[in-house]
*Asks:* 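The following block contains the structure, expressed as structure tokens.
Scope of the values below: all heavy atoms of this structure, side chains included, with no hydrogens, waters or symmetry mates. Just follow the structure's listing: the first ligand is 1, and inside any ligand the first atom is 1.
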Amino acid sequence: MEQIEFAKSGLMTSRIGLGTWAMGGWMWGGTDEAQSIATIRSAIDRGVTLIDTAPVYGFGRSEEIVGKALEGSLRRKVTIATKVGLAWKDGAVYRDSRPARIRKEIEDSLRRLRTDVIDLYQVHWPDFETPIAETARTLEDLRRDGKIRAIGVSNFSPTQMRMFSANAQLDAVQPPYNLFEREIEADVLPYAVGAGLTILSYGALCRGLLSGRMTANTKFDGDDLRNVDPKFQGKRYPQYLAAVDELKKLAHERFGKSGLALAVRWVLDQGPTIALWGARNPSQLNPIGDVEGWHIDLAAKGEIDAILKRCIVNPVSPAFMAPPVTRPKEQEAA
Ligand SMILES: NC(=O)c1ccc[n+]([C@@H]2O[C@H](COP(=O)([O-])OP(=O)(O)OC[C@H]3O[C@@H](n4cnc5c(N)ncnc54)[C@H](OP(=O)(O)O)[C@@H]3O)[C@@H](O)[C@H]2O)c1
């Protein structure tokens, strides 16, 4: 499997990372622990050495599952990327990157993950009520103390990353990036390339939309976020499905590959990127081998752009996933 070095930290991982948000169950209509553990172990068998999780995924559940799956000799084989800076109360999520919260959260994550060090620690969302410098310095202190190896931010703008980097050595950034969500090309992507950051592209399959499995009749269970995701609603959904059909045809005719393989390959051919691929059962990882050993040439990239422009007349960003920007008042004194 292709590898990438996190230039400043010395970490090296596979360019495909396993995403474990859905394994937490929350916002994905529930989870199956045994299947999740089997999926993590299957990913490692297939050469994946990066597992991305977060405390908020299932309010601790995803981290616990990752910890269980890796306990013992597997832990040494993988890079664990988790996050910090989202808190929750009664199912409501809010941003909190204050130093005291970070120092508590890391102990909770280490315990759930059954490890004594987190390889990549990422601030999940910018907290507008805490100075970025304070957050950055706290993470640098954790690195100095040997609790984390590398530092990342997620959903940060270039301006926020500049402020962060003035106070800590930033190694990676985790933005949304896939064929249907390309907003970072205007700012975050060029900034990250210039600053030598590794880019962990999240939602490589656009929450399954680019997997090729979705049809007009696909239904999602319970609290599955795709019941409210604007790409899966109303007049937009058929536009995205039509684009998937055309992308499938192009992938097949030009490269003899599936639409899913094209989507993941495209992310990897855009720069110093990692594709975070969420899966909840081992068979969903069967196409991994199809992503390796080929590239999308410039002409095909042009055709892809034309397909997207032709099919998707009402594009929409992934902004619906952003948590509220202000903390509940009772948390201010906490
Ligand atoms: N930093 C952030 O703010 C942030 C935000 C979002 C995600 N992330 C990270 O990025 C990771 C990936 O993103 P994501 O999980 O949201 O979305 P994703 O990778 O775009 O899509 C995941 C979904 O795609 C479907 N899928 C995967 N392989 C498939 C296959 N072979 N055939 C058919 N369907 C397949 C599954 O859907 P079904 O459930 O229908 O089976 C799976 O749950 C997350 O797990 C998380 O680690 C980070």
*Asks:* Would you please indicate yes or no on a ring centroid separation below 6.0 angstrom for H124 and Y57?
*Replies:*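 Centroid separation for Y57 and H124: below 6.0 Å.
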*Asks:* Please confirm whether K83 approaches ligand 1 to less than 4.0 Å, judged on its heavy atoms.
*Replies:*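 Yes; K83 lies near enough to ligand 1 that a heavy-atom distance drops under 4.0 Å.
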*Asks:* With distance as the sole criterion, is a donor-acceptor pair present between the side chains of T273 and R15 under 3.5 Å?
*Replies:*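 Yes, because at least one side-chain N or O of T273 sits under 3.5 Å from a partner of the opposite role on R15.
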*Asks:* Ignoring hydrogens, just give me the one of A279, P318, G203 whose non-hydrogen atom is nearest atom 13 (O) of ligand 1.
*Replies:*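 Residue with the shortest heavy-atom distance to the ligand atom: G203.
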*Asks:* Is it the case that the ring center of F59 lies less than 6.0 angstrom away from the ring center of W26?
*Replies:*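 Between W26 and F59, the centre distance is under 6.0 Å.
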*Asks:* Show the atoms of ligand 1 that are less than 4.0 angstrom away from any heavy atom in D52.
*Replies:*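 Answer, ordered by atom number: 9 (C), 46 (C), 47 (O).
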*Asks:* Quick one: does ligand 1 sit under 4.0 Å from the side chain of D224, the backbone, both or neither, non-hydrogen atoms only?
*Replies:* neither
*Asks:* Which bit of A54 gets closer than 4.0 Å to ligand 1, counting heavy atoms only: side chain, backbone, both or neither?
*Replies:* neither
*Asks:* Got more than 12 heavy atoms from elsewhere within 6.0 Å of NZ, K301?
*Replies:* yes
*Asks:* Could you tell me whether W266 and Y177 have their ring centroids closer than 6.0 angstrom?
*Replies:*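 Between Y177 and W266, which both carry aromatic rings, the centre distance is below 6.0 Å.
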*Asks:* So, D52 and K83, do they make that salt bridge, N to O below 4.0 Å?
*Replies:* yes
*Asks:* So, applying side-chain contact (heavy atoms from CB on, under 4.5 Å) with L276, which one of L200, L205, L18 is it?
*Replies:*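 By the side-chain contact (heavy atoms from CB on, under 4.5 Å) criterion, L276 pairs with just one of L200, L205, L18: L200.
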*Asks:* Hey, which atoms in ligand 1 end up nearer than 4.0 Å to a heavy atom of L260?
*Replies:*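 In order of numbering, the contacting atoms are 30 (C), 31 (N).
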*Asks:* For atom 18 (P) of ligand 1, which candidate among R207, R280, M214 holds the nearest heavy atom?
*Replies:* R207
*Asks:* With a cut-off of 4.0 Å, which atoms of ligand 1 are near a heavy atom of G19?
*Replies:*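 It comes down to these atoms of ligand 1: 11 (C), 44 (C), 45 (O), 47 (O).
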*Asks:* Are any of the side-chain nitrogens in E185 or R182 under 4.0 Å away from the carboxylate oxygens of its partner?
*Replies:* yes
*Asks:* Out of curiosity, is M23 lining ligand 1, as in a heavy atom under 4.0 Å away?
*Replies:*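 Under 4.0 Å: no for M23.
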*Asks:* Looking at R226, which atoms of ligand 1 are within less than 4.0 Å of one of its heavy atoms?
*Replies:* 37 (O), 38 (P), 39 (O), 40 (O)
*Asks:* Select one of side chain, backbone, both or neither to describe which atoms of Q284 lie under 4.0 Å from any atom of ligand 1, heavy atoms only.
*Replies:*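 The answer is both, backbone and side chain.
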*Asks:* Could you work out, for atom 27 (C) of ligand 1, the closest of G17, G152, G278, G208 by heavy-atom distance?
*Replies:*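 Closest candidate by heavy-atom distance is G278.
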*Asks:* With no hydrogens and no angle check, just 3.5 Å: does a side-chain donor-acceptor pair link S109 and E63?
*Replies:* yes
*Asks:* Which is closest to atom 16 (O) of ligand 1 in terms of heavy atoms, W21, Y57, F220?
*Replies:* W21
*Asks:* With a sphere of 6.0 Å drawn around CZ of R144, does it hold more than 12 non-hydrogen atoms of other residues, nucleotides or ligands?
*Replies:* yes
*Asks:* What part of T20, side chain from CB on, backbone N/CA/C/O, both or neither, has a heavy atom under 4.0 Å from ligand 1?
*Replies:*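 The backbone, only.
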*Asks:* Please could you name the atoms of ligand 1 that H124 approaches to less than 4.0 Å, counting only its heavy atoms?
*Replies:*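 Within the 4.0 Å cut-off of H124, ligand 1 contributes 1 (N), 2 (C), 3 (O).
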*Asks:* Numbering the atoms of ligand 1 from 1, which are under 4.0 Å from a heavy atom of S154?
*Replies:* 1 (N), 2 (C), 3 (O)
